[in-house]
Student: 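Take a look at the following structure, please.
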Amino acid sequence: MKSDVKIGLECHAQLLTRSKLFCPCPTDYHNADPNTHVCPICLGLPGALPAVNAMAVRYAIKVALALGCEVQPEIIFYRKNYYYPDLPRGFQITQYDFPIAFNGMVRIESDGGEREIRIRRVHLEEDPGRLIYKGTIDTARHSLVDYNRSGIPLVEIVTEPDLRSPKEARVFLNKLRSILEYLGVFNGDLEGAMRVDANISLAGGERAEVKNISSYKGVERALSFEITRQRNLLRRNLSVKQETRHYDEVRGITISMRTKEFEEDYRYFPEPDLVPIRIAEYVPELKAEIPELPDERRKRFIIQYSITPEHATALTYDKLIADFYEAVASEIDPKLSATWIADVLKGELNYRSITMREAMDRLSPDDFVTILRHLERGVITERGATVVIREILDRGGKPEEIIKRKKLARISSAEMQQAIDAVLNDKENTGAISDYLAGKSEALNFLVGQVMKYTRGRAEPKEVRSMLENALRNASG
Amino acid sequence: MKDITVAEVVAGIKSGDISCEELISGIYERIERSELNCYITLNRDKAIEEAIRVDKNREAYMDKRLLGVPIAIKDSISTAGIQTTCASKILTGYVPPYDATVIEALKREGAIIIGKTNMDEFCMGTSTETSYYGPTLNPHDHTRVPGGSSGGSAAAVSAGEALIALGSDTGGSIRCPASFCGVVGLKPTYGLVSRYGLIAYANSLEQIGPIATNVRDTALLLEVISAKDERDSTQIKIDNNSNSNYVFKTEKNGEDVRGLRIGVCREFLEGVAPEVEESVWHAIYKFEDLGASYEEISLKYLKYALAAYYIIAMSEASSNLARFDGLRYGLRLDMDADWHTTFSRIRGEGFGEEVKRRIILGTYALSVGYYGRYYLKALKIRTLIKREFEAALRAYDILAMPTMPCVAFKLGERIKDPLSLYLADVNTVPVNLAGLPSISVPCGVFNGLPIGLQLVSGQFQEDKIINAAMAYESSFKVFSS
């Protein structure tokens, strides 16, 4: 399908350096009291000077390389001048001309197959502080400022307007997150770790920029709202103005902030307190440090483990899940492992809204190997295996102990025969039995269910079904 | 006070012949009696406490090069625990939580901070008249300006209200007041001294530098403050041992200027007052007598220097001063309004007229559509001037010229006419554009007012101008008592 929608994203990702971009303050501010991770430099006190954190530059170069960009030989930092209370110097140190890199590309899986999204540029900049409102932004009497975030290194990744739908934008962001996490320079689980400005236009209209969307879901919703808003304007022959809009996360709508005539003039000029940095020499060394990335890993999984492309995609998106899978697949049949991790485990994680990182506090690859080994050997049923996984995720514990405590061990054939006899002899079931014998095959499902109930799930439904069929055939014959 | 050197004071304190406490108390008594208004903030209690400690434990401090030396610090340099205002209302009450790198170095060497000296607000001026705390008077004539912007530091040293001082020089702010007050002032090569802690006016031009009554003390203070500092990325990292041991080097060279080649640039003598020109020529002839030679030269891009300087300085200033919004420190107003109203009112009330003028002009020069026409063009001029100086300094060891085109002018005489004030910087500003070291030494007196000789050398060749200035100084006493 041809789309008339053009979307470009500016993604700001926090880099996981130990100290801030221009000062030695620690970056682990997420659970800290306000204004405790600050110093004269990130507070912009008079006379304090920035000094570039070399690790942040290295991380940004790695990001650029992973996105297939052309890394520039020399970088320069610029001042972007504007007044805002979260900006302690009255300017942000960012890049303008001479950024880290230009011209990269990211592949995404879209409804129409694989698509290539071009990356326009990658640059480094500092995060401003954070405004905190007591109550909501509308009702608060005062706003408070927390400068703990001030100076956290951000890598900004700007795409060309190659995305064609809100869903593609979300898929792209997921892919980007995946790549950054593989590089070990980013943790998407941290609050506010990725913030996005989205540019969107429809054929026949100007583009609107939606600023500072702070969740992946928010990007998709904000863009969907914008498409509807812009389409309605065009349908009524009204013009879509070039403007900057704000996304209201709670109400799921975008609101006009300022139109083109009132765009700020940021008066960019080279930061005189910093000197140009030559980075060309670091590129070969950093290139060698780039690990296997999701696309390559996915291809390898399909070949090495003979699993489906869908499973390979699902398993490689999150590096921790991919690592988990490889640990399990080295002990257990890779296809069985793929099903149980990509379908069952990921489903359980989603249901609980927890990440693999969180789950791994309770569930180790060894535990998972144990569970699947018991399943393979017929010690537990598929249902039993699912119960063990759920129990570990919810309350912890070891597989063997849970199987014992919850009596999940599969029952013997003698016990099974006994259960079938009991169900068939139960007067309550006489109706169902005669229905089945009269040709209503659906009635068998009811009887299988009764046996499962009798065995408290410790029987394999497929096996129950065939044993019931035999028994009933004998009974009628 | 005037005739005693730092080395003598330090030796006296170390031997016990001089009581540090008496020395420091004496300074404060002089300040109290003075009507010059050299200081914005005094550090009396802590300084005297420190002096007593020095007297008690002097044996433990034998390695300290500035032990007990009373020093004045320009109020543009951050001092932990001592109010630092840049002579602006907007920073009234601001007490930095940290020391500038140069202050750390001074403390390491045992210097005692007397107080923070008056200056033009945010270093923007040539007369110390734009200070929110009122003007400083010239010690040689109380109806005249001390020069600026480091007017308080130069006047304090000249009047014995400190033995030595730190100033900062963006376009002449150390050399101009040194010239007007009859003391020695040195602006180091850009990138020699750490700017960490110096409240920025124009980052790409300015340096912290020493002011003293004689060249040797100036050199010693420069040695102390030119330590390497990772916190200033624009500091040019050189091997300090071989390059900045100025006192040692000069002593070894024995103040010998035989064979020294001096360039005298005609453009620097244009529009200069006759008494100043005469004095400077006498100084050059004195160098000839001492065995140096001179030639007249011409630098054709100099005529663009002032324009380029003011565009660059104001552009950088417009951005540097954006942080003063009253939110985190400094001036607060008792008002309940939204963010834009609040910071606009605070800036409106907190900045003086000259500061506002420069912020507005700088903002204009950096705006879309003007950036290329003004800022970028100014940067190109700067490169041309730099190259021209470099070429001249390959042919000559040093350049000599008047520091200021005139002697100290009357208070209030020029303050209403900003352009005439800007023009007074015509001989100092090009040196900042080129990032070169230069020194101003007294070379004459006219109607009781000092005249300054400026010497300029190549990048990191501070030793050349120090050596020449020392040779000149020992052969010619301006203020022989």
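Remember, predicted model here, so these are calculated numbers, not experimental data.
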Student: A quick test of your reading: do over 12 heavy atoms of other residues, nucleotides or ligands sit less than 6.0 Å from OH of A:Tyr282?
Tutor: no
Student: Checking heavy atoms, do the side chain of A:Tyr268, its backbone, both or neither come under 4.5 Å from chain B?
Tutor: backbone
Student: Please state whether the side chain, the backbone, both or neither of A:Phe91 comes within less than 4.5 Å of a heavy atom of chain B.
Tutor: side chain
Student: Would you indicate whether B:Tyr371, at its atom OH, is surrounded by more than 12 heavy atoms from other residues, nucleotides or ligands within a distance under 6.0 Å?
Tutor: yes
Student: So, do A:Tyr83 and B:Phe343 have ring centers that fall under 6.0 Å from each other?
Tutor: yes
Student: Within the 4.5 Å heavy-atom criterion, are B:Tyr98 and A:Cys39 side-chain neighbours or not?
Tutor: no
Student: Measure A:Pro40 against the heavy atoms of chain B and call it side chain, backbone, both or neither at under 4.5 Å.
Tutor: side chain
Student: Against chain A, work out which of B:His340, B:Arg231, B:Glu230, B:Arg347 has the most heavy-atom pairs shorter than 4.5 Å and name it.
Tutor: B:Arg347
Student: Rounded at 0.5 Å granularity, tell me how far CG in B:Asn203 sits from CD in A:Glu271.
Tutor: 6.5 Å
Student: Counting only heavy atoms not in B:Arg332, do more than 12 sit closer than 6.0 Å to its CZ atom?
Tutor: no
Student: Does any heavy atom of chain B fall under 4.5 Å from the side chain of A:Arg79, the backbone, both, or neither of them?
Tutor: side chain
Student: So do A:Arg267 and B:Ser315 actually touch side chain to side chain, heavy atoms under 4.5 Å?
Tutor: no
Student: Measure the spacing between CG of A:Leu49 and OG of B:Ser194 and express it to the nearest 0.5 Å.
Tutor: 6.5 Å
Student: For B:Asp338, which atoms come within 4.5 Å of any heavy atom of chain A: side chain, backbone, both, or neither?
Tutor: neither
Student: Within the distance-only criterion (no hydrogens, no angle test), does the side chain of A:Asp265 pair as donor or acceptor with the backbone N or O of B:Ser367 below 3.5 angstrom?
Tutor: no
Student: Grab the two heavy atoms, one from A:Pro50 and one from B:Ser233, that are nearest each other, plus how far apart they are.
Tutor: O-OG, 3.5 Å
Student: Answer with side chain, backbone, both or neither: which region of A:Pro24 has an atom nearer than 4.5 Å to a non-hydrogen atom of chain B?
Tutor: neither
Student: For the pair A:Leu45 and B:Arg328, evaluate side chain to side chain contact (heavy atoms under 4.5 Å, CB included) and give the outcome as yes or no after the intermediate values.
Tutor: CA-CA 9 Å; A:Leu45 291 190; B:Arg328 291 160 298 275; 5.6 Å; no
Student: Which atoms form the tightest heavy-atom contact between B:Ser319 and A:Asn81, and what is the distance?
Tutor: OG-OD1, 2.8 Å
Student: Any idea which of A:Cys23, A:Pro88, A:Gly44, A:Pro46 has the most non-hydrogen atom pairs under 4.5 angstrom with chain B?
Tutor: A:Pro46
Student: If you round to the nearest 0.5 Å, how far is CZ of A:Phe269 from CG of B:Leu379?
Tutor: 10.0 Å
Student: Around atom CZ of B:Arg357, are there more than 12 heavy atoms of other residues, nucleotides or ligands at under 6.0 Å?
Tutor: yes
Student: I'd like to know which of B:Tyr375, B:Phe324, B:Tyr94 tops the heavy-atom pair count under 4.5 Å against chain A.
Tutor: B:Tyr94
Student: NZ of B:Lys356: more than 12 outside heavy atoms within 6.0 angstrom?
Tutor: yes
Student: Do B:Trp339 and A:Ser143 make a side-chain contact, defined as non-hydrogen atoms from C-beta onward lying under 4.5 Å apart?
Tutor: no
Student: Where does B:Leu198 contact chain A at under 4.5 Å (heavy atoms): side chain, backbone, both or neither?
Tutor: backbone
Student: What heavy-atom pair brings A:Ala48 and B:Tyr196 nearest, and what distance separates the two atoms?
Tutor: CA-CE1, 3.9 Å
Student: Which value, rounded to the nearest 0.5 Å, describes the distance between B:Asp325 atom CG and A:Tyr84 atom OH?
Tutor: 13.0 Å
Student: What do you reckon, is CD of A:Glu74 surrounded by more than 12 foreign heavy atoms closer than 6.0 Å?
Tutor: yes
Student: Which pair of heavy atoms, one from B:Thr234 and one from A:Leu274, lies closest together, and at what distance?
Tutor: CG2-N, 4.3 Å
Student: Heavy atoms only: give me the nearest A:Pro272-B:Arg195 pair and the separation to one decimal.
Tutor: O-NH2, 4.1 Å
